[in-house]
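Here is how names work: the chains are called A, B, and so on, in the same order as the sequence lines, proteins then strands, and each is numbered from 1. No hydrogens, no waters, no symmetry mates; every other heavy atom, side chains included, goes into these values.
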2 protein chains.
Amino acid sequence: MAPKPDVSEVRKNQIIQAAINVFTRQGFHGARMDDIVEESGLSKGTLYWYYKSKEELIISILDHIFAGEFAKMEALKNENISARQGLHKFLEAYIAELQKMLIFAPIIYEFYALAFRNKTVRVVMQRYLHTFISIVEPIIQYGIDNGELRDVDAHQAAIALGAQLEGTLLLWAYAPDILSLEDQLRSGVKLLFDSIIISEDFEIFENGGENASL
Amino acid sequence: MAPKPDVSEVRKNQIIQAAINVFTRQGFHGARMDDIVEESGLSKGTLYWYYKSKEELIISILDHIFAGEFAKMEALKNENISARQGLHKFLEAYIAELQKMLIFAPIIYEFYALAFRNKTVRVVMQRYLHTFISIVEPIIQYGIDNGELRDVDAHQAAIALGAQLEGTLLLWAYAPDILSLEDQLRSGVKLLFDSIIISEDFEIFENGGENASL
DNA sequence: CATAATAAACTGACCGGTCGGTCTATTATC
DNA sequence: GATAATAGACCGACCGGTCAGTTTATTATG
């Protein structure tokens, strides 16, 4: 059936990686297909053999970047531990994941801009945010129900947490001179939780986020 | 000097408004100069008479949108009132201003993406964030010094506040179905402040942000 | 009648996408 | 085990539409 060994997965990855590099450097519009061809070390014909258009390539990158994130977030669901532990574990994982995504920052903000005029992109972004809330909100609600947390609106609190994380990333991306990303993520989250948590001496992060190493 | 009545200011505004409309609908790249020509009701020659390139037009819009914001933010500086009142007043003004900027949301996120590869855009965005911090941080510090607020790091708290506002706007832009913008802005900010403020029964917003009208 | 202002036809660089054709590993057949 | 047939993989010159920016002619006004 296969007269030649199947290299298609290798090629697709090769192309996606080249595209990510070029798009990160030059933006979706500034990047020419010929640039991606050059970066990949393949030919234009081969690129188009695997991806039928520039748009398809962009959407594939969207999937490539976010698919793993969904899986990782979902994996953190449904652990029957305390709200404190659940939030701690989730936030540690999320912050670690954010660090890894920093290299994609220019592409991610490009996606945010694209989302306003491309349905597919918009849907993925929405799913990302929904997934986040669907994990954090139940943990907070659980904490409220069992007396660990104050009786706040779990939904609003979950969104506030998401906003804090996304907003911190945004501020850091444009004004890295005024904040250390990891420190600020921890201290911002700590401020939010100090208002929710009932036990006064609780620290969501070991060091209280005051002088975490970046 | 002017054999004809000087209409240049009128024309520039006419063109900027048309450009904002078209860019909002179609994005910076999707918008053609001919589209802006059509929207403005002028001709291409006239457009290029006032703006020498597409880029100059984009930068002018950047200035147009943010110039007013700087002025408004600066106007709120140096009012010797309590931290509580200062923050209240600033946040009310900021939230009101945000509402007015919502129509530009697609353009603003386009600017965020552009900032990664355009120095001018990056500098304006940075100045915007710096200005925000330079107003909020002293108010918080003042509150700490006079005992109104807990002894937190004023700089980190100011950034956390900025992140909360920007992050909420971002979440709302992409998932308006899960939050009411104004409610969430108020409740998110309230959560942050509940952890900073010393007096237990203080409400930064009259209604505590629980059921504000949108 | 000088000139700011306007109109609209025009130009050409650029770039996404195509297409005719080639290469080579594998398999079927004798 | 030689060879013909097959098909997936690959190449790069080229095409054609698009669109930012230019040119040139005209108009209106003080």
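Other residues, nucleotides and ligands place no more than 12 heavy atoms under 6.0 Å from the CD atom of A:E55. No more than 12 heavy atoms of other residues, nucleotides or ligands lie within 6.0 Å of CD in A:E38, so this atom counts as exposed by the packing criterion.
Checked options B:F116, B:Y128, B:F132; the residue passing with A:Y174 is B:F116 (criterion: ring pair (Phe, Tyr, Trp, His ring centres under 6.0 Å)).
The CD atom of A:E55 sits 14 Å away from the C1' atom of C:dG17 (whole-angstrom rounding). The NE2-P distance, from A:H29 to D:dC19, rounds to 9 Å in whole Å. The nearest whole Å value for the distance from the CE atom in A:M33 to the P atom in C:dC15 is 13 Å. Between A:R32 atom CZ and C:dG17 atom P there is a gap of 14 Å when expressed in whole angstrom units. Computed from coordinates, the B:E38 CD to C:dT6 P distance equals 18 Å when rounded to whole Å. Taking atom CG of residue A:D34 and atom C1' of nucleotide D:dC11, one finds them 13 Å apart after rounding to whole Å.
B:Y112 and A:Y109 have tilted rings, their planes meeting at an angle from 30° to 60° on a 0 to 90° scale.
Between B:T46 and B:S43, the side chains place a donor N or O and an acceptor N or O closer than 3.5 Å (distance only, hydrogens not considered). Side-chain atoms of A:H130 and B:D177 form a donor-acceptor pair, as typed in the model, at a separation below 3.5 Å.
Residue B:R11 places at least one side-chain N or O under 4.0 Å from the OP1 or OP2 atom of C:dT6.
A heavy atom closer than 4.0 Å to some atom of DNA chain C occurs in A:K44, A:Y48, A:S53, these being the qualifying members of residues 41-53 of chain A.
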